[in-house]
Amino acid sequence: MGSFSIWHWLIVLLIVIMVFGTKKLKNLGGDLGGAVKGFKDGMKEAGAASEDKAADAAKVSNAGAAEKTTIDVEAKQKS
């Protein structure tokens, strides 16, 4: 009782096509595909941005190591 046969799904599909029309369904499919593609591109950019941040952090830590080898001294003036 809980599952539908193939004939039930075909009838539902036929009714949906009659109500919305094939052109609207085609546009809906294209919009959905574009949204998925945009999401995937966004995920790739986010992954690249996190890799760039990790590289920047490595540069900062290397610069910090270079600063540790130098001595910072303040000169005092004689009065």
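Predicted, not measured: the structure shown is a model, and the values here were computed from it.
- When each of L25, N27, I15 is checked for a side chain to side chain contact (heavy atoms under 4.5 Å, CB included) with F20, only L25 meets the rule.
- Atom CD1 in I11 sits 11.0 Å away from atom CD1 in I6 (nearest 0.5 Å).
- To the nearest 0.5 Å, the span separating CG on L28 from CG on L32 amounts to 6.5 Å.
- In the hydrophobic clustering of ILVMFWY residues, with side-chain heavy atoms under 4.5 Å counting as a link, W9 and W7 come out apart.
- Across V16, L14, T22, a single residue satisfies side chain to side chain contact (heavy atoms under 4.5 Å, CB included) together with M18, and that is L14.
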Could you go through the side chain to side chain contact (heavy atoms under 4.5 Å, CB included) check for V12 and H8 one step at a time? CA-CA 6 Å; V12 169; H8 290 109; 5.5 Å; no
